[in-house]
Amino acid sequence: YKPVGEKLSIANDHRTFNGYVRSTGEVGIRNEIWIVPTVGCVNGIAERLAEQLRSETGCKDIDAIHSWHHNYGCSQLSDDHENTRKILRDIVLHPNAGGVLVLGLGCENNQPDQFMETLGDYDKSRIKLLVTQKVDGDEIEAGMSILRELYGLASKDRREECSLSKLRVGLKCGGSDGFSGITANPLVGEFSDYLVAQGGTSILTEVPEMFGAENILFSRCENEAVFNKAVQMVNNFKKYFVSHGQVVYENPSPGNKAGGITTLEDKALGCTQKSGQSPVKGVLSYGEKVTHSGLNLLSAPGNDLVAATALAASGAQLVLFSTGRGTPFACPVPTMKIASNPSLAEKKANWIDFNAGSVAEGEPLDDAGERLLDFVLEVASGKRTKTEERGFREISIFKDGVVL
């Protein structure tokens, strides 16, 4: 380990956004009602409840109503089971939710009462539990009664001016192309450095896509303890590959190859670009919430849905998603799609939020960075992303273990 270089010279501009200050002191950029199943068996009930609450309220005075269906919470063992509990716990406690109904079955491995204990000292007026097997009669009406109460509280919440230091942004890339390393990824890196300089937090994940460029991140760890955690994070993921008989340094996906990425090292260099040049302040395990402001590394796979969900669970209020191929998905928090080339931005205007391809056409990177900063602040203050407009939101949990 060698100490990190000098701190970047970026001024604190004292920029602000308008967010929802929660009782914990955290700030949300959305004020939504969330239904979180403890087990996949109640997904249907959760969806029905969300549909009925939307119908009754029209989402007036709140930003959205979502149920986060998944297939887990039972028949899992050991760390696999704990991963599910951690992700669900972090989602329940996320500041983008103004009210949460935790919806249980009753006989699942992820026992509802025990799950609620993992939340710690939570706001009991904003987070409620319903165990459907304990309900006499119609669990839909029982759930609606709770949701109406949560909606009544959340609908009174109002945005207020907040320091940019309260913003936590996840950094993610999808299918890349030959422009990704010239436009979108370095642009996101510039934004990350600026956010960190304002006292904010950026979170980089996709560990398998760091393979081949991990030394760039290691060299920027602020101390030896962080360095050791970063090395362990990468090595553990390599051991995970080997334990399943898979090649560690595999070539990128078909979409990446078609876009002009020829090796995993090409992809890895693009991944690390998104972190800018700031020192690495913290390293998070899967399902762990961020505690250090500044640049953090998060252990999660490269899969878009799994990685973006992990970023949201770690505490990111939004995700910057650079892409040279385009994708319509979004995780539980606003997922901003940044196109690496102008053709994609034009062709899939219904998916893309920001065109970084203008850099390839001659726009200075600093000018594009100012546009991106302004746009992020608009989204943090309530402007809806393309996926929010279309209602595309979901969660995906990392599965690694036996199914009973």
Side-chain angles (χ1 to χ4, degrees), residues 40 68-73 76 79-80 82-84 86-88 90-91 169-177 180 184-185 188 203-214 233-234 236-259 261 263-264 266-268 270-272 274-275 284-288 296-314 316 318-338 340 351 387 392-401 403:
W68 301 123
H69 58 265
H70 60 90
N71 297 324
Y72 305 122
Q76 293 178 277
D79 289 345
D80 188 42
E82 285 305 309
N83 283 342
T84 294
K86 288 177 184 177
I87 294 295
L88 296 180
D90 295 344
I91 288 173
V169 177
L171 311 175
K172 175 78 180 76
C173 56
S176 299
D177 68 353
S180 295
N185 288 339
V188 171
I203 309 162
L204 179 71
T205 191
E206 302 179 279
V207 177
E209 295 190 7
M210 298 174 189
F211 295 170
E214 60 265 58
M233 177 188 73
V234 171
N236 284 347
F237 235 102
K238 290 179 179 179
K239 291 176 183 176
Y240 163 69
F241 273 46
V242 172
S243 71
H244 287 272
Q246 299 301 311
V247 176
V248 172
Y249 289 101
E250 184 54 89
N251 281 330
S253 68
N256 287 322
K257 292 177 182 178
I261 303 298
T263 67
L264 185 58
D266 284 348
K267 182 68 172 169
C271 174
T272 58
K274 300 194 304 296
S275 68
L284 309 172
S285 60
Y286 181 76
E288 184 179 1
N296 285 256
L297 307 181
L298 168 65
S299 181
N303 178 274
D304 288 349
L305 276 69
V306 176
T309 298
L311 286 169
S314 73
L318 75 153
V319 171
L320 298 187
F321 189 102
S322 58
T323 175
R325 310 295 300 178
T327 179
F329 99 101
C331 70
V333 300
T335 308
M336 186 191 304
K337 307 297 171 49
I338 302 173
S340 65
W351 291 357
T387 50
F392 293 174
R393 304 272 288 281
E394 57 190 294
I395 69 171
S396 183
I397 301 172
F398 191 26
K399 182 77 179 74
D400 178 30
V403 176

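Because the structure is predicted, anything quoted here is derived from the model rather than measured.
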Looking only at heavy atoms, the pair that brings Val188 and Ile338 closest together is CG2-CD1, 3.8 Å
Just wondering, do Val333 and Val319 contact through their side chains at under 4.5 Å, heavy atoms?
yes
Could you grab the distance from atom CZ of Phe392 to atom SG of Cys331, nearest 0.5 Å is fine?
15.0 Å
Evaluate side-chain contact (heavy atoms from CB on, under 4.5 Å) for Val403 paired with Gln76, printing each intermediate quantity in order.
CA-CA 6 Å; Val403 176; Gln76 293 178 277; over 6 Å; no
Exam field: side chain Glu82 to backbone Asp80, donor-acceptor pair closer than 3.5 Å
no
Approximate separation, where rounding is to 0.5 Å, of Glu209 CD and Phe237 CZ:
10.5 Å
Donor-acceptor contact present, side-chain Glu206 to main-chain Ala300, <3.5 Å:
no
Are Lys238 and Phe211 in a cation-pi setup, meaning NZ or CZ lies under 6.0 angstrom from the ring centre and within 45 degrees of the ring axis?
yes
Rounded to the nearest 0.5 Å, how far does NZ of Lys172 lie from CG of Asp304?
3.5 Å
Indicate whether any N or O donor in one side chain lies under 3.5 Å from an N or O acceptor in the other, for Glu288 and Ser314.
no
Checking Lys337 side chain against Leu320 main chain: does a donor-acceptor pair fall under 3.5 Å?
no
Could you walk me through whether Ser180 and Asn185 satisfy the side chain to side chain donor-acceptor pair (under 3.5 Å) test, starting with their C-alpha distance in whole Å, then the side-chain angles of each, then the deciding distance to 0.1 Å, before giving a yes or no?
CA-CA 6 Å; Ser180 295; Asn185 288 339; 4.8 Å; no
Euclidean distance, Ile203 CD1 relative to Ser275 OG, rounded to 0.5 Å
13.0 Å
Determine the minimum heavy-atom distance between Ile91 and Ile395, stating which atoms define it.
CD1-CG2, 3.9 Å
Answer yes or no: is there an ion pair linking Arg325 with Asp177, defined by an N-O contact shorter than 4.0 Å?
no
Tell me if the NZ atom of Lys239 is crowded by more than 12 foreign heavy atoms within 6.0 Å.
no
Less than 4.5 Å apart, side chain to side chain, heavy atoms only: is that true for Thr309 and Pro332?
yes
Are Phe241 and Val247 close enough that some pair of their side-chain heavy atoms sits under 4.5 Å apart?
no
CD1/Ile397 to CG/Asn83 distance, rounded to the nearest 0.5 angstrom?
9.0 Å
Looking at every non-hydrogen atom in both residues, tell me the closest pair between Ala307 and Thr205 and how far apart they are.
CB-CG2, 4.0 Å
Distance (rounded to the nearest 0.5 Å) between Thr387 OG1 and Met336 CE
10.0 Å
Nearest atoms (heavy-atom pairs only) where Cys173 meets Phe321
C-CZ, 4.1 Å
For the backbone of Leu88 and the side chain of Lys86, can you confirm whether one donor and one acceptor N or O come within less than 3.5 Å of each other?
no
Note: Pro301 and Pro208 closest approach over all heavy atoms is CA-CD, 3.9 Å
Tyr286 and side chain to side chain contact (heavy atoms under 4.5 Å, CB included): which partner among Leu298, Ile87, Asp400, Asp79?
Ile87
Give a yes or no answer on whether the side chain of Arg393 reaches the backbone of Ala330 with a donor-acceptor pair at less than 3.5 Å.
no
Before giving the answer on side-chain contact (heavy atoms from CB on, under 4.5 Å), spell out for Met210 and Leu204 the whole-Å C-alpha distance, their side-chain angles and the decisive distance to 0.1 Å.
CA-CA 10 Å; Met210 298 174 189; Leu204 179 71; 4.1 Å; yes
Distance-only, no hydrogens or angles: does the His70 side chain make a donor-acceptor pair with backbone N or O of Tyr72 under 3.5 Å?
yes
What heavy-atom pair brings Ser322 and Lys274 nearest, and what distance separates the two atoms?
OG-CD, 3.6 Å
